[in-house]
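Every chain is numbered from 1, with letters handed out A, B, ... down the list of sequences. Predicted model, so just to flag it, every value in this text is computed and none were measured. These values consider heavy atoms only, across backbone and side chains, with no hydrogens, waters or symmetry-generated copies.
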Number of protein chains: 4
Amino acid sequence: MTERSAQKQFKPRKAPSQSRAEETVASIVEAAAQVLESEGLEGFNTNAVARRAGVSIGSLYQYFPGKDALTVALIQRETKRFYDDMAVALTKRGGKAALEYLIGAAVRQQLQRPMLAKLLDIEESRPGLRGEVGKPELENLFATVIQRAIPKHPHPEVAAGDLFAITRGMVDAAGERGETDIENLEHRLRAAVFGYLSKIGKDQAISDRR
Amino acid sequence: MTERSAQKQFKPRKAPSQSRAEETVASIVEAAAQVLESEGLEGFNTNAVARRAGVSIGSLYQYFPGKDALTVALIQRETKRFYDDMAVALTKRGGKAALEYLIGAAVRQQLQRPMLAKLLDIEESRPGLRGEVGKPELENLFATVIQRAIPKHPHPEVAAGDLFAITRGMVDAAGERGETDIENLEHRLRAAVFGYLSKIGKDQAISDRR
Amino acid sequence: MTERSAQKQFKPRKAPSQSRAEETVASIVEAAAQVLESEGLEGFNTNAVARRAGVSIGSLYQYFPGKDALTVALIQRETKRFYDDMAVALTKRGGKAALEYLIGAAVRQQLQRPMLAKLLDIEESRPGLRGEVGKPELENLFATVIQRAIPKHPHPEVAAGDLFAITRGMVDAAGERGETDIENLEHRLRAAVFGYLSKIGKDQAISDRR
Amino acid sequence: MTERSAQKQFKPRKAPSQSRAEETVASIVEAAAQVLESEGLEGFNTNAVARRAGVSIGSLYQYFPGKDALTVALIQRETKRFYDDMAVALTKRGGKAALEYLIGAAVRQQLQRPMLAKLLDIEESRPGLRGEVGKPELENLFATVIQRAIPKHPHPEVAAGDLFAITRGMVDAAGERGETDIENLEHRLRAAVFGYLSKIGKDQAISDRR
DNA sequence: CATGAATGAGCGTTCATTCAT
DNA sequence: AATGAATGAACGCTCATTCAT
């Protein structure tokens with residue numbers, strides 16, 4: 001049986017109507033982030049999260065139908081930051097400036113909580129969590145940014161995916177190595193991103209001509 | 001040292017003296033690869049590996065002192081393929097040809113077993129497994145390749161790390177998306193690698209001149 | 001310290017805050033005693049204890065961080081009885097009466113649960129459990145009793161240790177043989193204890209005079 | 001099911017007719033002693049014994065039908081030493097001299113291999129091993145020694161049991177404490193033994209007259 | 001006979017989840 | 001609602017024992 005029939009929900013159990021409940025939910029999600037950051041995947045369990053949040057395990061299950069729902073909520077919280085960054089980026093004048101802004105944002109976030117981003121990347125790719133997080137929308141938005149930066153790019157959504165992957169790869173590796181020099185990492189990341197775009201632009205143009 | 005001193009060993013427990021044993025060891029490692037590929041990290045447990053290998057759980061523990069040792073053995077088996085590829089790459093005439101060969105090799109391997117590579121990347125970075133796998137040596141060797149490709153590059157080892165990260169990022173993402181078009185992926189990866197190198201070369205040169 | 005630093009705790013995991021929990025803890029310890037008594041060391045495993053206590057294995061581990069902690073708890077429960085007996089003994093007028101009271105108490109306890117005492121003696125001496133039980137304090141208190149009984153005894157703490165050993169030896173052997181005649185055993189034990197003291201007193205005095 | 005129906009044998013599987021086999025058996029038993037002494041009950045397993053003996057686990061099972069049989073063999077080997085000591089003791093002129101000789105022998109043996117004696121005592125009392133070792137005969141012989149020392153003693157076999165228990169208790173405790181002063185231990189043991197006998201003799205005589 | 005690879009029942013322990021209070 | 005005691009499936013691992021070579 002690879003497919004469980006009684007599909008667990010990933011949505012929070014209730015739309016918290018009272019602000020108290022909202023606070024509780026937020027504190028649980030933040031606790032999840034802290035546990036993940038400080039204890040790693042190994043120490044990421046519901047009891048630890050509840051303890052860190054200062055609520056009972058029962059309360060945690062009042063708001064989240066299961067561990068995965070909590071994970072999804074955390075992923076979405078972190079994803080939202082990218083959304084926000086993206087929104088800011090889209091206010092920038094030039095496309096290049098927008099991209100540079102995003103690179104800076106990614107680096108800053110990563111170096112703040114090095115483990116968190118990486119572990120969420122891992123969780124994100126768990127089969128069964130796939131599709132529960134709004135990655136596609138994010139990439140679409142990112143594709144828009146790219147289209148502005150390189151208007152004639154033939155496949156902006158592919159480029160968006162690649163640049164995501166490149167950024168994630170470099171930034172996670174930096175976190176793992178314990179890099180702290182933001183300037184330097186940002187510099188290299190710019191090289192990777194704009195280097196990729198410059199090459200892809202030309203080549204793809206050529207390959208399309210075929 | 002805050003780690004526990006009486007660490008479990010990661011080395012295989014015994015050098016199998018009978019040929020039957022060698023087969024058993026190999027079949028266990030291969031079973032580990034298959035379980036990881038098909039069931040993911042969640043289903044990667046020693047009982048499942050033993051079952052898939054067609055041996056008893058006791059046999060598994062006769063050759064591996066613990067689950068982590070098995071993981072390390074699998075990582076090393078996969079790492080060896082890179083070593084071999086690297087060795088071939090170093091026979092290539094030009095540095096660029098060497099790099100291109102490696103890119104091709106990475107893509108081919110990845111698309112054969114998409115999950116495996118990614119999950120091993122994850123495991124590799126588990127605290128407690130760190131340092132048990134000869135990543136540094138691999139990167140040093142890779143730095144040599146880069147030095148040949150871009151002789152005047154100021155920090156080949158940094159570039160090696162970044163290119164590793166870029167490749168891993170793109171190739172894992174491709175696996176996750178279920179990409180199967182080797183040509184296309186290879187093409188984009190070349191763009192990323194050579195794009196990065198072209199930009200980094202110049203910028204760093206400039207920044208060094210300061 | 002050659003012992004592993006990240007030692008399992010032997011202290012109960014949590015102070016049970018609800019009265020239901022207190023009962024559970026007590027029932028687990030009592031179940032441990034029963035299992036040890038009826039199944040011996042061989043059958044003394046956490047699952048059997050949980051089953052006998054009528055609780056799940058999870059509950060057992062909620063209160064005891066490991067099997068050893070449970071063993072220690074049981075040892076301490078039994079040790080406390082000696083403490084209490086000792087306290088009563090110290091209220092007796094004469095030292096000899098105190099000693100006789102203790103002998104009687106030891107015999108009575110032993111013949112109630114013959115195996116338990118013996119098996120706990122064994123566990124008590126397991127390296128790794130050593131020092132987790134307050135044996136020294138017990139012997140100190142006992143030394144006080146002896147000092148009252150034989151004021152001029154030169155090494156009361158040595159005598160205390162010897163009398164402990166003698167009592168334990170005789171009483172365990174009696175349990176093993178299935179003796180049930182309390183009177184008779186008590187009689188022989190008195191002979192051993194007072195016989196030892198009478199001889200030791202004189203000899204040691206002489207050897208000290210040297 | 002407390003009684004296993006297919007009763008394991010405790011006798012060595014075959015009377016070793018060739019001297020090579022005899023040596024193998026002896027080396028296995030000695031290895032068992034060494035493992036028990038150095039690793040404790042926890043480390044006492046058949047594989048460890050075979051390894052220490054320098055034979056294969058298969059060979060061990062060729063000569064001993066099971067672990068318990070090995071344990072019994074070791075117990076009997078150690079018991080034989082007492083037999084021999086007893087035989088020597090019986091050549092002594094006076095009964096008191098015989099007893100003193102035995103006390104000395106017990107102390108010397110114990111302090112040579114402190115753990116061994118204690119752990120064997122423990123194993124000896126395992127239900128299922130009971131009666132497989134010739135304890136009664138040993139105590140009968142010992143009773144003879146006592147009868148010589150205290151001719152008018154009313155219950156020499158009871159006294160024999162008690163003195164065994166006393167000696168074992170004191171000597172094991174000494175081993176546990178790491179005592180090394182043979183003289184001192186022997187002195188206290190003599191006090192215990194002769195103290196017990198002096199008191200028991202009189203009291204029992206009186207109680208018998210009733 | 002000797003070897004040692006192989007077996008698998010069984011143990012200690014964890015942790016997601018439920019539910020009586 | 002909130003609590004936290006209770007549950008139990010499932011995992012990592014050991015070791016007595018067997019059996020093909």
Side-chain angles (χ1 to χ4, degrees), chain A residues 8 14 18 20-21 24 42-51 55-70, chain B residues 8 14 16-25 42-51 54-68 70, chain C residues 8 14 16-25 42-50 54-70, chain D residues 8 14 18 20-21 24 42-51 55-70:
Chain A
K8 284 257 173 179
K14 60 180 73 170
Q18 301 137 7
R20 265 247 294 166
T24 303
E42 316 238 26
F44 180 51
N45 65 66
T46 54
N47 287 283
V49 170
R51 204 179 317 119
V55 303
S56 68
I57 182 65
S59 284
L60 190 155
Y61 275 86
Q62 197 101 60
Y63 294 109
F64 298 95
K67 192 192 187 189
D68 285 347
L70 173 56
Chain B
K8 283 252 173 177
K14 64 167 77 164
S17 62
Q18 297 180 6
S19 67
R20 185 164 47 133
E22 263 173 273
E23 281 166 38
T24 302
V25 167
E42 314 242 20
F44 181 52
N45 65 67
T46 53
N47 287 286
V49 170
R51 204 178 318 121
V55 303
S56 69
I57 183 64
S59 283
L60 190 155
Y61 278 91
Q62 198 128 64
Y63 296 107
F64 300 95
K67 191 193 184 189
D68 285 347
L70 174 57
Chain C
K8 284 251 175 181
K14 64 166 76 168
S17 61
Q18 299 180 2
S19 66
R20 184 165 47 133
E22 263 173 272
E23 281 168 37
T24 301
V25 168
E42 313 241 20
F44 180 51
N45 65 66
T46 53
N47 288 285
V49 170
V55 302
S56 69
I57 183 63
S59 283
L60 190 153
Y61 278 90
Q62 198 129 65
Y63 297 108
F64 300 95
K67 191 190 186 192
D68 285 347
L70 174 56
Chain D
K8 284 257 170 177
K14 58 180 71 172
Q18 301 137 10
R20 264 247 293 166
T24 302
E42 315 238 26
F44 180 50
N45 64 67
T46 52
N47 287 284
V49 170
R51 203 178 319 122
V55 304
S56 68
I57 182 64
S59 284
L60 189 153
Y61 276 86
Q62 197 99 61
Y63 293 109
F64 298 94
K67 191 191 186 189
D68 284 348
L70 173 57

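For Asn47(B) and dC11(F), the shortest distance from a side-chain N or O to OP1 or OP2 is not below 4.0 Å. Between Ser59(C) and dT7(F), a side-chain N or O to OP1/OP2 separation shorter than 4.0 Å is present. Distances shorter than 4.0 Å separate none of the side-chain N or O atoms of Ser56(D) from OP1 or OP2 on dG4(E). Using a 4.0 Å cut-off, some side-chain N or O of Gln62(D) falls inside it from OP1 or OP2 of dA2(E). One finds a side-chain N or O of Thr24(C) lying less than 4.0 angstrom from the OP1 or OP2 phosphate oxygen of dA6(F). Side-chain nitrogen and oxygen atoms of Tyr63(D) include at least one within less than 4.0 Å of the OP1 or OP2 phosphate oxygen of dA2(E). Under 4.0 angstrom from either OP1 or OP2 of dT13(E) there lies at least one side-chain N or O belonging to Tyr61(C).
Where pairing requires Watson-Crick or G-U contacts shorter than 3.5 Å, the helical stems of DNA chain F with at least three consecutive pairs are E:2-21 with F:2-21.
Atom-to-atom, NZ of Lys67(A) to P of dC15(E) comes out at 9 Å; the value is rounded to the nearest Å. Note: CD (Glu42(A)) to C1' (dG12(F)) measures 13 Å, nearest angstrom. Straight-line distance from the CZ atom of Arg20(A) to the C1' atom of dA2(F): 9 Å, rounded to whole Å. Atom CD of Glu22(C) and atom P of dA6(F) are 11 Å apart (whole Å). Going from atom CZ of Phe64(C) over to atom C1' of dT14(E) covers 18 Å, rounded to whole Å. Atom P of nucleotide dA16(F) and atom CD1 of Ile57(B) are separated by 18 Å, given to the nearest angstrom. For the pair Leu60(A) CG and dA16(E) C1', the computed distance is 11 Å after rounding to whole Å. Residue Phe44(B) contributes atom CZ, which lies 19 Å from atom P of dA10(F) at whole-angstrom precision.
Taking the nucleotide of DNA chain F with the nearest heavy atom to each of Gly58(C) and Gly58(A), the more 5' of the two is matched to Gly58(A). Where Ala48(C) and Asn45(A) meet DNA chain E, the nucleotide closest to each residue was compared, and Ala48(C) sits on the side nearer the 5' end. If you find the closest nucleotide of DNA chain E to Asp68(C) and to Thr46(A), the one lying nearer the 5' end belongs to Asp68(C).
Ala48(D) and Gly43(D) get closest at one heavy-atom pair: CB-O, 3.9 Å.
For Ser59(A), the side-chain hydrogen bond (donor to acceptor under 3.5 Å, both in side chains) partners at least two apart in sequence or on another chain are Ser56(A). Here Thr46(B) pairs with Ile57(B), Leu60(B), Tyr61(B), Lys67(B) under the side-chain contact (heavy atoms from CB on, under 4.5 Å) rule; sequence neighbours left out.
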Report the C-alpha separation of Val25(B) and Phe64(B) in whole Å, then their side-chain angles, then the decisive distance to 0.1 Å, and conclude whether the side-chain contact (heavy atoms from CB on, under 4.5 Å) test is met. CA-CA 9 Å; Val25(B) 167; Phe64(B) 300 95; 4.0 Å; yes
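Atom-to-atom distance recorded for Tyr63(A):OH and Thr24(A):OG1 is 4.5 Å, nearest 0.5 angstrom.
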